[in-house]
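Heavy atoms only: backbone and side chains are in, while hydrogens, waters and symmetry mates are out. The residues of the chain are indexed from 1 along the displayed sequence.
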Amino acid sequence: MASVRGGAEDAVGGVVPAEVVAPATADEVAEVLRSTGGSVVPVGAATKTGWAARPASCDVLLRTTGLDRIVAHEPGDLVVVAEAGVTLGALQRHLAGHGQMLALDPPEEGATLGGIVGANASGPRRLRYGTVRDLLIGVTVARADGTLARSGGKVVKNVAGYDLGKLYTGAHGGLGVVVSTVWRLHPLPRAAGAVSVPVAGPAEAGRLAGLVARSTLTPSAVELRFAPGGGGDLVLLFESIEASVRAQSAQARALLGGGSELPAVPGWFGRRPAGPLVLRLAYEPAALAAVLAALPEGASGTASACTGVAYAAVDADTDLGALRAALAPYDGSAVVLAAPEPLDAAAHWGPVADSFGLMTRVKDQFDPARRLSPGRLLGGL
């Protein structure tokens with residue numbers, strides 16, 4: 001396995017690695033970790049490196065894109081095993097040939113499965129199908145000392161051992177390097193349709209989302225696009241058999257007092273906004289209106305209106321402390337996804353949670369020398 005000197009194009013959070021390696025097997029990943037005494041920052045296709053704080057150091061950048069095999073697919077069991085460097089797009093194309101899908105739809109082009117796990121990335125369909133933690137049923141990880149560890153298995157109902165997949169989800173490579181994944185699959189829907197309703201402002205957005213949440217409708221996704229001032233469009237996506245899509249679309253229009261039926265979702269659906277400073281907001285789903293009203297003037301973005309997740313583009317000089325304080329009454333948080341300049345952990349993540357002591361003990365257990373993605377996690381772990 002060859003290594004090359006790191007350059008500006010390899011920088012993570014502005015930190016240029018001394019060395020870049022691209023192992024092609026799990027054993028090679030393990031060997032890198034065993035033979036390296038310094039810090040190691042794992043990345044996939046580098047589509048979400050801004051989702052964690054800048055690393056304190058990066059002696060070795062470990063790219064997992066060489067781990068690109070679909071190892072096994074059991075259509076009858078609705079399970080697939082794929083290495084961490086397989087792109088979501090490649091996996092979906094393979095599964096579509098069997099009438100199946102992995103029900104994750106983060107929009108980052110070229111994202112790998114390992115990167116999606118590390119960032120806990122998802123998209124609009126989280127409403128119906130859940131997130132990575134709901135669909136990942138097994139994982140193989142190279143630990144900091146080079147040991148390969150496995151959790152879960154190739155059956156949907158597996159209760160053997162600890163569910164370590166949930167622990168590695170969202171860890172940004174700070175607890176180990178994900179080298180292989182096992183996923184629960186779903187059949188491809190036979191038909192799809194969408195309903196779009198204009199929204200005048202935050203109060204109406206909250207009211208309409210509440211109506212949908214309390215109804216008997218079963219949309220795959222409910223997405224809101226909001227412009228400066230809070231106005232925009234609410235789009236409901238229905239996926240099922242043709243008769244169900246038609247019936248639910250009609251019921252949605254009656255419930256929401258109008259709107260129009262669309263043959264497909266609009267181009268903005270599920271996309272992250274672009275801007276000088278992009279935030280991921282998490283909050284109590286019922287607080288959508290209050291959260292939108294708390295955003296600074298000029299904010300725009302999208303929200304998964306019934307799940308308590310939104311993505312907002314705001315001005316670079318936005319007072320993040322004040323915004324986080326305004327969201328706190330709604331169990332809210334604001335995490336930076338993109339910024340003009342890399343941020344340290346405190347500015348990137350915001351205040352540490354009450355569980356920070358437990359998080360610290362977990363980090364020390366899995367990475368006692370703190371070599372993996374150092375400083376990238378909450379509180380600078």
Side-chain angles (χ1 to χ4, degrees), residues 6 8-18 20 38-64 106 108 111 114-121 132 144 167-178 272 275-282 309 311-314 316-325 327-328 332-364 366-381:
E9 68 279 6
D10 304 306
V12 177
V15 179
V16 177
V20 179
S39 57
V40 179
V41 177
V43 299
T47 61
K48 295 177 289 296
T49 55
W51 286 32
R54 66 181 302 166
S57 65
C58 181
D59 295 313
V60 176
L61 182 74
L62 192 158
R63 297 191 183 277
T64 61
E108 288 75 30
I116 289 170
V117 173
N120 190 22
V132 171
L167 189 63
Y168 289 105
T169 299
H172 294 278
L175 300 178
V177 182
V178 174
R272 324 280 191 211
L277 184 62
V278 180
L279 308 175
R280 182 187 189 274
L281 313 176
V309 175
Y311 300 89
V314 299
D317 59 356
T318 295
D319 186 338
L320 291 178
L323 176 58
R324 285 163 172 155
L327 298 178
S333 62
V335 174
V336 175
L337 300 188
E341 298 291 337
L343 302 176
D344 62 18
H348 183 96
W349 296 105
V352 297
D354 293 340
S355 58
F356 184 68
L358 174 60
M359 295 170 63
T360 300
R361 293 193 294 275
V362 170
K363 173 69 171 176
D364 289 342
F366 282 79
D367 180 23
R370 300 199 177 182
R371 296 191 304 121
L372 300 181
S373 295
R376 302 208 76 201
L377 302 182
L378 182 71
L381 290 179

Quiz item: Of all heavy-atom pairs between His172 and Ser373, which one has the smallest distance, and what is that distance?
Solution: O-OG, 2.9 Å
Quiz prompt | Spacing of CG belonging to Leu378 relative to NZ belonging to Lys363, to within rounding of 0.5 Å | solution = 12.5 Å
Quiz item: Taking atom CG of Leu61 and atom SG of Cys58, what is their separation to the nearest 0.5 Å?
Solution: 5.0 Å
Self-check item: Donor-acceptor pair, side chain of Arg371 and main chain of Ala144, under 3.5 angstrom
Solution: yes
Quiz item: Just by modelled atom types, is the Ala53 backbone N or O under 3.5 Å from a matching donor or acceptor in the Arg376 side chain?
Solution: yes
Exercise. Just say parallel, tilted or perpendicular for the rings of Trp51 and Tyr311, cut-offs at 30° and 60°.
Key: tilted
Quiz prompt | Test side chain to side chain contact (heavy atoms under 4.5 Å, CB included) applied to Val335 - qualifying residues, sequence neighbours left out | solution = His348, Trp349
Self-check item: Sidechain-backbone polar pair: Thr169 side chain, Val132 backbone, donor-acceptor under 3.5 Å
Solution: no
Practice problem: Provide the closest heavy-atom pair for Val16 versus Ala11 in the form atom of the first, atom of the second, distance. | Solution: CG2-CB, 4.0 Å
Exercise. Using a 4.5 Å cut-off on heavy atoms from C-beta on, say whether the side chain of Arg54 contacts that of Val12.
Key: no
Self-check item: Contact summary for Val336 and Leu320, nearest pair of heavy atoms
Solution: CG2-CD1, 3.9 Å
Quiz prompt | Other residues, nucleotides, ligands: >12 heavy atoms within 6.0 Å of Glu341 CD | solution = no
Self-check item: Audit row: Lys48, Ile116, side chain to side chain contact (heavy atoms under 4.5 Å, CB included) steps and yes/no
Solution: CA-CA 9 Å; Lys48 295 177 289 296; Ile116 289 170; 4.2 Å; yes
Exercise. Over all heavy atoms of both residues, which pair between Gly44 and Thr64 is shortest? Give the atoms and the distance, please.
Key: CA-OG1, 3.6 Å
Quiz item: How far apart are the closest heavy atoms of Pro374 and Ser39, and which atoms are they?
Solution: CG-CB, 3.8 Å
Quiz item: Mind checking whether Leu372 and Phe366 have side chains closer than 4.5 Å, heavy atoms only?
Solution: no
Quiz item: For Val178 and Tyr168, which heavy atoms make the closest approach, and how far apart are they?
Solution: CG2-CB, 4.4 Å
Exercise. Please lay out, stage by stage, how Leu279 and Leu323 fare under the test side chain to side chain contact (heavy atoms under 4.5 Å, CB included).
Key: CA-CA 11 Å; Leu279 308 175; Leu323 176 58; 3.6 Å; yes
Exercise. Supply the atom-to-atom distance Thr360 OG1 to Leu377 CG, rounded to the nearest 0.5 angstrom.
Key: 10.0 Å
